[in-house]
Each structure stands twice: as structure tokens, then as C-alpha cells.
Number of protein chains: 2
Amino acid sequence: MTADSFAVHSMTVSRGERYGAACGGNVACQDCSLHQLCLPVGLDSEDLERLDRIIRRRRPLRRGEYLFRAGDPLRAVYAVRSGSIKTYTCSSEGDEHVTGFHLPGELIGLGAIATGVYPRSARALETSSVCEVAYEGLEDLSMKIRGLQRQLLRLMSREIHHDETMMVLLGGMAAEGRLAALLSNIAARVGERGFSPHAFRLSMSRNDIGSYLGLAVETVSRLFTRLQAEGLLNVQRKQVMIRDPDRLRRLAGVCVDGLPPPR
Amino acid sequence: MTADSFAVHSMTVSRGERYGAACGGNVACQDCSLHQLCLPVGLDSEDLERLDRIIRRRRPLRRGEYLFRAGDPLRAVYAVRSGSIKTYTCSSEGDEHVTGFHLPGELIGLGAIATGVYPRSARALETSSVCEVAYEGLEDLSMKIRGLQRQLLRLMSREIHHDETMMVLLGGMAAEGRLAALLSNIAARVGERGFSPHAFRLSMSRNDIGSYLGLAVETVSRLFTRLQAEGLLNVQRKQVMIRDPDRLRRLAGVCVDGLPPPR
DNA sequence: TGCCGGCATTGACGCAGATCAATAAAAACG
DNA sequence: CGTTTTTATTGATCTGCGTCAATGCCGGCA
């Protein structure tokens with residue numbers, strides 16, 4: 001295979017929008033290419049305007065910058081607009097454990113609603129921008145806009161479901177299955193966002209992957225090598241090309257995400 | 001220690017209510033001893049009546065009976081009223097993987113909201129009763145009652161947080177820490193419900209515990225024996241008495257649930 | 001452009017926990 | 001009650017993956 005079959009999908013600002021293009025980075029939800037994945041699902045343009053009023057678009061974060069830290073008081077939940085964000089906890093000894101990778105259109109900070117305090121820290125994996133959704137405003141507005149309430153509940157439910165799936169994965173699957181599941185899952189999410197699910201760039205390090213999957217870095221590395229040797233994918237550094245999606249999903253068991261059994 | 005230091009806390013209908021006592025088991029939320037844990041938190045009595053109208057109390061389930069099955073369409077979420085319920089998925093080969101144990105006051109079925117279909121099955125671990133909360137009604141009513149919306153969001157957020165904690169546990173801790181965390185967590189929840197957090201009866205089998213924690217039954221059994229030998233607890237079959245809660249929590253690491261570091 | 005520091009890969013080795021197998025102790029049931 | 005079935009415990013063995021260690025590679029920076 002040739003080098004350029006690895007298409008680099010930067011995911012940094014999708015489909016023709018550009019940060020700061022028209023109005024200092026304030027692309028309204030109306031015009032956002034993610035609006036069929038994110039909070040705006042099912043809202044008419046009047047409601048979208050109301051939603052826009054509680055949202056602030058912040059300057060992009062650079063790789064490694066914090067979006068918030070565990071222990072900060074909840075003021076907003078965040079929708080990823082471009083790039084990607086990881087969330088993680090630090091154990092008492094200081095080693096971090098990754099709890100999630102978040103792609104454009106996904107909400108971050110939902111775990112803070114119960115206590116009013118973010119239980120995890122969140123940092124950018126690459127240059128990323130987010131929409132800051134004032135939480136008070138969101139609570140208010142979703143009392144007034146049925147579609148917004150629906151979508152908020154749906155997104156929270158989806159997160160519950162996803163986390164449970166991860167529990168099953170971590171509790172029940174061997175290392176190979178875990179990595180296969182993660183890759184299949186990322187592929188699917190990349191696909192939903194309009195990019196090729198077969199070739200993408202992993203924005204997180206091997207360390208992050210290992211931490212998320214409960215594996216040692218070395219194991220992750222070996223697995224990539226093995227999966228490549230078996231012809232399931234090509235990998236070189238962070239570039240991944242999936243050559244046999246079906247076989248990969250079968251390796252992952254039922255657990256890619258959700259119900260649909262592998263076949 | 002003597003046999004009767006193992007107080008059996010049946011948890012079956014708390015504090016003087018009895019199924020069928022006054023009106024065929026229909027204890028109103030107003031009079032339910034769980035109302036400071038469950039959906040009613042923060043509602044006045046007028047709102048409680050409205051909530052009551054979308055709730056149906058069903059006949060108790062017996063051990064092993066299904067509350068719902070994975071794949072069933074979502075019609076209601078359920079609040080445990082007495083007893084305990086487990087939720088689990090079945091892998092393609094038929095072996096089940098437990099995703100949660102649910103005590104009185106906890107909500108079940110929140111993972112179904114995203115897709116409209118329950119992603120897991122739910123069965124009673126012992127004789128248990130639940131309140132069936134019509135989901136349509138709940139959506140409607142939480143648009144009208146701010147406190148209800150708040151509490152629903154809070155409960156969902158708590159579940160997200162709990163599941164993430166489990167991910168950290170399963171991904172990062174050794175077998176002993178996992179069991180210690182589960183026991184500490186159950187102890188805390190039993191305590192919140194007004195019972196002694198030091199002596200309780202596990203309603204689930206060793207198999208269920210193993211499945212939930214990602215361990216073989218044999219390992220679970222050995223761990224109980226070991227923890228007992230080390231003087232952390234006494235166990236005989238399902239009766240557990242925690243002798244050194246602090247040391248147990250320290251074994252569990254940060255991960256019992258949530259922020260508060262172990263000391 | 002060349003040096004440096006972090007990230008990734010590969011190999012060797014040991015151990016925690018899975019698996020297999022047997023027994024014991026409770027429940028379940030007629 | 002005695003019989004059967006399920007559940008729990010304990011022991012012996014085996015193995016997947018963690019750990020340690022060494023090397024290679026890329027990207028950043030002067």
C-alpha cells in the first residue's frame with residue numbers, strides 16, 4: 001500500500017467552517033456541521049437561537065491544555081467542536097487513568113451534574129475547540145424546549161450505555177478484544193462524523209490507549225503489531241488503516257457498542 | 001464473634017411499610033421511606049401527587065424473575081422499592097456479564113433512553129418490588145416540575161459517574177482492590193438506606209460478583225477467605241460483617257465511589 | 001541540520017489470576 | 001426427610017499479560 005492511502009483527517013473544523021472565519025469563531029449551532037449529532041438535534045431555528053444564547057465559543061485549546069480539572073465546580077458542560085479531548089482521573093499516587101476519548105459533537109462534563117463538581121479532568125489531545133454550554137442555562141432551557149430536554153437525556157443515556165459497555169469489555173474481554181473494540185468504536189464514530197471509518201489518525205498516545213483499556217503500553221504496542229501481522233489493519237505510528245472491519249468487529253465480540261450483535 | 005452479630009437486614013420494605021398494607025401495595029411517594037434518595041427528592045406534596053399518577057406499583061418479583069429483557073422496548077424506568085435487582089448482558093455465547101446491582105431507591109433502565117430499547121436484562125436477586133415510572137409521563141412531567149428534572153438529571157449523572165468509577169476499577173485495580181471496592185460501595189449504600197453499613201447480607205451469588213468484577217468465581221471465593229484471614233471482615237456464605245472499614249476502603253484505593261480520597 | 005527528550009517497539013522473565021478438578025455445604029424439591 | 005441440584009470452597013496447574021530493560025524513531029528546538 002502507498003503512503004497516501006493513509007488519508008489524514010484532521011477533523012479540525014469540519015466542512016468549510018473555519019475558526020474565526022466570519023465572526024470570531026462564533027459559528028451558530030444553525031450553521032454547525034455537527035448539529036445532527038450534538039445538542040441541537042431536532043430543534044427548530046428559533047430554539048437554536050435560544051440555545052446559542054447560552055453557548056460561548058472559546059479560543060481553541062492547544063494539545064495538553066486543560067478544559068477543566070477534577071474538583072472544579074461545574075459551571076458548564078462542553079461540546080467538542082473540533083479536535084479531541086480526553087477525560088481522566090488521577091489516583092492518589094499521581095498516575096492517571098483515562099476514562100474517555102471525546103470526538104466532535106460529544107458532550108463532556110455530564111458526570112459533574114450529580115455533585116456540582118467535575119469528577120475527572122479534561123485535556124485536549126490535539127488542538128481542539130469546544131462550545132461551552134452554561135449549565136444553569138441548559139437546565140432552564142431544557143424545561144422550555146422539549147426537544148432539547150429529549151436530546152440531553154438521550155446523550156446522557158448514551159453515555160451510560162457506553163460506559164456499561166466498557167465495563168463489560170474491561171471485565172470480560174482479553175487484551176486483543178479490547179483493542180479491537182476500541183478501534184471499531186472509534187472507526188464507527190469517525191464514520192458518523194462524515195469521514196472514512198477505514199483510515200484515521202489516533203490523536204491519543206499508546207499510553208492513553210493502554211490506560212483506557214486497562215493494559216500496559218507494551219501490550220498495546222504488541223497488539224498493534226499482531227493485528228497488522230494478521231492483516232486486520234495497517235498501522236504506522238498514529239495512522240491507522242482498517243483492512244478487515246468485519247473481522248475486527250468479530251474480535252471485539254458483541255461489545256463495539258450496544259445491541260446489534262456482530263452478525 | 002457470635003452468630004447474632006450478623007444482623008440480617010432484609011431490606012424488603014423498609015421501616016414499617018408492608019406490601020399491601022393499606023392499599024394493595026400502593027404506598028404513595030409521599031409516604032415512601034426512600035423519597036429522599038429516589039426521584040421525589042425536593043418535590044412538594046402537590047408535585048408528588050402528580051408524580052404518583054405516572055407510577056404503578058407492581059406485584060413483587062420473585063428471585064430470578066425478569067423485570068425486563070434486553071431488547072424490550074422502553075416503556076418505563078423502574079425504581080427499586082425493596083429487595084435488589086441485577087442488570088446484565090448476554091454475550092453471543094450465552095454467558096452473562098453483570099453490569100449492575102441495584103438497591104432500593106435506585107433507578108433502572110436509564111440506559112434505554114438513548115435508543116428506546118433496554119440494552120440489558122434485569123432480574124430480581126431476591127423477592128423485590130419496584131415502582132414502574134412511565135417514561136413518557138416522566139419526560140412530560142419533568143418539563144413541568146423543575147425539581148423532578150433536576151433529580152432525574154442528577155440520578156443519570158450519578159450513574160455515569162458510578163460507571164466511570166467501575167471502568168477505572170476494572171482497568172486499573174487488582175482482584176483484591178476490586179472486591180474491597182465493591183464491598184465498601186455496598187456498605188456505603190446500605191448505610192445510606194438506614195441500615196448498618198457493617199453487617200449485611202449479599203443478595204447476589206459469588207458468580208454474579210465475579211461477573212461484575214471481571215473475576216473468576218474461584219478468585220472471589222479465595223479473596224473472601226483471604227480478607228477474612230486478614231481480619232478485614234467476617235463472611236459466612238452471604239452474610240458479611242465488616243470489621244475494619246477503613247482498611248477495606250484503603251485497599252479499594254480512591255475508587256469506592258467518587259471524589260473523596262481515602263483519607 | 002543535528003542534538004535531545006519523549007514516545008513506540010521488541011525481547012526476556014515472572015506472577016496474578018484463569019482454568020480444571022474435586023469436595024463440601026446449602027438450597028430446592030418431591 | 002431423603003434426594004438432587006445448585007453454590008461455594010479449596011487445591012494444582014497453566015498462561016496472558018505486566019514488568020523490567022534495551023533499542024529505535026520521530027518531532028521539537030536551537
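Chain letters run A, B, ... following the sequence lines, proteins first and then strands; every chain starts at 1. Quick caveat, the model's predicted, so the values are computed rather than measured.
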Test: [X] cationic atom under 6.0 Å from [Y] six-membered ring centre, within 45° of axis:
X: B:Arg120; Y: B:Tyr88; value: no
X: A:Arg189; Y: A:Phe101; value: no
X: B:Arg206; Y: B:Phe224; value: yes

Check your understanding: Are B:Glu106 and B:Arg158 within salt-bridge range, i.e. N to O under 4.0 Å?
Key ->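 Looking at B:Glu106 and B:Arg158, the cut-off is not met.
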Review point. Are the charged groups of A:Lys238 and A:Glu126 less than 4.0 angstrom apart, N to O?
Key: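 Between A:Glu126 and A:Lys238 there is no salt bridge, as every charged N stays at least 4.0 Å from the carboxylate O atoms.
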Can you give me the N/O atom pairs linking the protein to nucleotides 28-30 of chain C at distances under 3.5 Å, or say none if there are none?
none

Point to revise | Nearest non-hydrogen partners of A:Ala70 and A:Ser121, listed with the distance | key: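 Closest pair (atom of A:Ala70, atom of A:Ser121, distance): N-OG, 2.9 Å.
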Check your understanding: Considering all heavy atoms of both residues, which atom of A:Val130 and which atom of A:Val80 are nearest to each other, and what is their separation?
Key ->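 Distance-wise, the nearest heavy atoms are CG1-CA, 4.2 Å.
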Exercise for review: Give the ring-plane orientation class for B:Phe68 versus B:Tyr118, where under 30° counts as parallel, over 60° as perpendicular and anything between as tilted.
Suggested key: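 Rings of B:Phe68 and B:Tyr118: parallel, as their planes differ by under 30°.
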Would you kindly give the [atom1]-to-[atom2] distance between [X] and [N], to the nearest whole Å?
X: B:Arg201; N: C:dA27; atom1: CZ; atom2: C1'; value: 12 Å
X: A:Met204; N: C:dG6; atom1: CE; atom2: C1'; value: 18 Å
X: A:Asn207; N: C:dA8; atom1: CG; atom2: P; value: 7 Å
X: A:Gln236; N: C:dC7; atom1: CD; atom2: C1'; value: 16 Å
X: A:Ile209; N: C:dA8; atom1: CD1; atom2: C1'; value: 11 Å

Practice item. Just do the side-chain contact (heavy atoms from CB on, under 4.5 Å) check on B:Leu169 and B:Thr165 with the steps written out, would you? Key: CA-CA 6 Å; B:Leu169 196 78; B:Thr165 304; 5.7 Å; no
Review point. Within less than 4.0 Å of OP1 or OP2 of C:dT9, is there a side-chain N or O belonging to A:Arg206?
Key: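 Looking at the OP1 and OP2 atoms of C:dT9, one of them is under 4.0 Å from a side-chain N or O of A:Arg206.
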**Study point:** Contact interval (first through last nucleotide) of DNA chain D with protein chain B, 4.0 Å heavy-atom
**Key:**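 Result: D:dT7 to D:dA12.
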Review point. Base, sugar-phosphate, or nothing for B:Ser221, non-hydrogen atoms under 4.0 angstrom?
Key: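 Base, at least one base atom sits under 4.0 Å.
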Exercise for review: State the OG1-NE2 distance between B:Thr99 and A:His161, to the nearest 0.5 angstrom.
Suggested key: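 These two atoms lie 9.5 Å from each other.
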Review point. Using a cut-off of 4.0 Å between protein heavy atoms and nucleotide atoms, how would you tag nucleotides 12-21 of chain C 5' to 3' with B, S and -?
Key: B----SSBB-
Check your understanding: So, does A:Thr87 use its side chain to make a donor-acceptor pair with the main chain of A:Ala122 at under 3.5 Å?
Key ->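 No; judged by distance alone, with no hydrogens or angles, the pair does not exist.
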